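For clarity, every value in this text was computed on a predicted model and none was experimentally measured.
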Amino acid sequence: MTKAINLWSFVFSLLCVCLALITFAHPSLLSLNFYVAIVIFLVGIIGFFGIHNWKSAVRSVLTIILSAVLIIVTGWIIFVGNLFS
């Protein structure tokens, strides 16, 4: 079960990166991307229990890094951007 969580959290983190690129055209999706990235980050931490070889370890680390960067960037845009508007 945790192996599947590890794999699917990685797939959804890549989809979340694609959603972040779509938000340049539709800024209303930015808060959705922020909340999805938080969920993927938490699921990615759970996916660390599914590490059995080096491939799954790389997937878990990339999932955490991608989702953390998305949380930081979209959080900065949402919260600091609202201060300047």
Check residues 63-74 and write down every donor-acceptor pair under 3.5 Å in which the side-chain atom is one partner and the other belongs to a residue at least two apart or another chain.
residue : atom : partner : partner atom : Å
T63     : OG1  : R59     : O            : 2.7
S67     : OG   : T63     : O            : 2.8
S67     : OG   : I64     : O            : 3.2
T74     : OG1  : L70     : O            : 2.5

N/O donor to acceptor pairs below 3.5 angstrom from side-chain atoms of residues 9-36, sequence neighbours left out:
residue : atom : partner : partner atom : Å
S9      : OG   : I5      : O            : 3.0
S9      : OG   : N6      : O            : 3.0
S13     : OG   : S9      : O            : 3.4
S13     : OG   : F10     : O            : 2.6
T23     : OG1  : A20     : O            : 2.4

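S60 places no side-chain N or O within 3.5 Å of a backbone atom of A57 that could act as its donor or acceptor partner.
Cluster membership for I38 and F41, using ILVMFWY side-chain heavy atoms within less than 4.5 angstrom, is shared. Connection of W54 to I51 is not established within any shared hydrophobic cluster, with ILVMFWY side chains joined at heavy-atom distances below 4.5 Å, either directly or through further cluster members.
Note: F48 CZ to S56 OG = 10.0 Å, rounded to the nearest 0.5 Å.
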